[in-house]
Amino acid sequence: MLKTVIFRPFDPLREATPIIAYGLIAAGLLGIAGIAYARRSTRRLRFEGISHTLSDVDRHPNSFDSADDPERRQNAFLKRILNTVPQPIFVKDRQSRYVFLNDAACEMTGYRREDMLGRSSHTFFPKEQADCFVAGDGEVLGSTHRTLHEEALTDARGEIHVILSRKAACTDASGNDIVVGVITDITERKRAEDMLRLSAEVFEHSAEGILITDNHGIILNVNTAFTRITGYSAAEAIGQNARMLTSGQHKRAFFVNIFRSIRNDGSWGGEIINRRKNGELYVVEMSICAVRSDDGSIRRYIGMMSDITHRKSTEERMRYLAQHDFLTGLANRHLLQDRVSQAILHAHRSRRKLGLLLLDLDGFKDVNDRFGHEAGDQVLKDVAARLTLLVRQTDTVARIGGDEFVAVLPGLRSWSDAERIARKVVYEVSRPYTVTDGLALVGCSIGIALYPDDGEDWTTLHRVADRAMYRENTAVTNEAPCTSRRERRMLNDRRAFPVRRRPTPWHWIRTRLPVCAGTRRPEKQPRSAPASLHRPR
């Protein structure tokens, strides 16, 4: 009979939480032992209600330790069981006054048990919270269902806890309605959930593309920016190997170094050229880090990428404009000096000569005056194109002034090599140019300097070639058959010269090839191109 008396009032507690049920099972086992003891002492046990018994135990703990009263010993033992439960447990009467709290409940709230017993929630908690607690009590009183609410609780220290409150109602032996509640403090869990939610929002809304792979490179998750950058949706990418992004622009050793850095340092960062879903190449600035397990093995790889294709294109364009002539696309003076320095070093190692041809257009001002500056710009572009076709890929052609060009010729064996190229340049540059309103003719003068004969640096070579070009004994001049200044102007005058597109026969070109450098004289000229001294106009 004792077993029934003990278990009946605690049925709502057992229903409220499995933890209490475990304690009650233990209490039942001890109750059986109590029955045997009661029979031996021939005393009947009476239970006068949970609200009365537990509150008495809390108020007078020492009075229940008598070995002569098995009922009181049993109730004291139940109290110790409930205080051992790590979750806060409380019991309230119909007026929402506390009649029992275990140690965990007192610890969480920060108030002493004797201060809380017999008082309602409004005495200890903010009104908004207390109203919520009382409303939850009224929801379960007089009903058979249990409730589960997520609530906020401010303890005596002012700290706010997020709790899950499970409540159920029952009646004691006297028929009084009581509320039994079990609290779970989920503050840390909510913080973790908030952090996970924040991480998910950052992951999804990050401007950088993010992909997560396992230790074999299989993609586990990607974000929206990844889809925008690569063109692959999450459904297309997840389950595929990250190698699907490679472009073939990098050698195998490049990726070996990446994973070696990740293994040794835990991360890698740099630029990678990948290929989009549509086949387009793009450049990303990427960082890859490894996520390791407790034993140190790599579990995950996390990659973050930023598309820098436009930035790289802009940088390349700016670098190109800083090193090339805007009109003709040839190297400018800055890039030319660097190329000459590199070519001098190479010529020194290979023990070859380096030729520098300085070319100045004759009659270019007349073209601007007669046809306009747009026609003059077109002539400059055509001159640049013809010079580029004449030289080798290893040579450099630059524009360093309005109508002044330079050709750098590495790997020459002798003076005759530079002279041969100069003849070709004179002939090609002197052919007519088709402009909007007619044909334009220009001549050219060339000065030649050789490394190491005439100098061993850019400044010296340029000075020698410049002197050679303008010195009467060291200039190369080419003219059209109209030898007088008046005839040349008429030829370039769109009002006097008919607009016709016809090649210039070879016999129209009269080339005078005198000495072309400041320190050496050329070999004897062939009859087809008789040499004469002439200062360029």
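Side chains included, hydrogens not; waters and symmetry mates left out as well; all remaining heavy atoms used.
- Between the side chain of Q240 and the main chain of A237, no donor-acceptor pair closer than 3.5 Å is present.
- Using a 30° and 60° split on the angle between ring planes, H250 and F254 fall in the parallel class, below 30°.
- Atom CZ of R392 is surrounded by more than 12 heavy atoms from other residues, nucleotides or ligands within 6.0 Å.
- You'll find the ring centres of F125 and F133 inside the 6.0 Å limit.
- A salt bridge links D103 to R113: at least one charged side-chain nitrogen sits closer than 4.0 Å to a carboxylate oxygen.
- A 4.5 Å side-chain heavy-atom check between R399 and V406 finds every atom pair outside the cut-off.
- Environment of CD in E193: crowded, with over 12 heavy atoms of neighbouring residues, nucleotides or ligands closer than 6.0 Å.
- In this structure a side-chain-to-backbone donor-acceptor pair under 3.5 Å is missing from S247 to L281.
- Side chain of N257 to main chain of A253: a donor-acceptor pair is present (N/O by atom type, distance under 3.5 Å, no hydrogens or angles).
- Taking R319 as the reference, E316 meet the side-chain hydrogen bond (donor to acceptor under 3.5 Å, both in side chains) condition, with sequence neighbours excluded.
- At least one side-chain heavy atom of L148 sits under 4.5 Å from a side-chain heavy atom of L164.
- Counting non-hydrogen atoms of neighbouring residues, nucleotides and ligands closer than 6.0 angstrom, the CG atom of D295 exceeds 12 such neighbours.
- Environment of NE2 in H346: sparse, with no more than 12 heavy atoms of neighbouring residues, nucleotides or ligands closer than 6.0 Å.
- In this view, T224 and E204 satisfy the side-chain hydrogen bond (donor to acceptor under 3.5 Å, both in side chains) rule, not counting sequence neighbours.
- R157 CZ: more than 12 foreign heavy atoms inside a 6.0 Å radius.
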Step by step, would you call N241 with I219 a side chain to side chain contact (heavy atoms under 4.5 Å, CB included)?
-> CA-CA 6 Å; N241 196 288; I219 298 176; over 6 Å; no
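- Shown here is L327, whose CG atom has more than 12 heavy atoms of other residues, nucleotides or ligands within 6.0 Å.
- At a threshold of 4.0 Å, the pair E315-R311 counts as salt-bridged, since one of the basic side-chain nitrogens sits closer than that to a carboxylate oxygen.
- For the pair N223 (side chain) and I210 (backbone), a donor-acceptor distance under 3.5 Å is present.
- At most 12 non-hydrogen atoms from other residues, nucleotides or ligands lie less than 6.0 angstrom from CD of E128.
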Just do the side chain to side chain contact (heavy atoms under 4.5 Å, CB included) check on S121 and K92 with the steps written out, would you?
-> CA-CA 10 Å; S121 301; K92 291 182 178 181; 3.0 Å; yes
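- For H145, the NE2 atom sits in a packed shell: over 12 heavy atoms of surrounding residues, nucleotides or ligands are nearer than 6.0 Å.
- Within the 3.5 Å criterion, the main-chain N or O of L335 finds a donor-acceptor partner in the side chain of N332.
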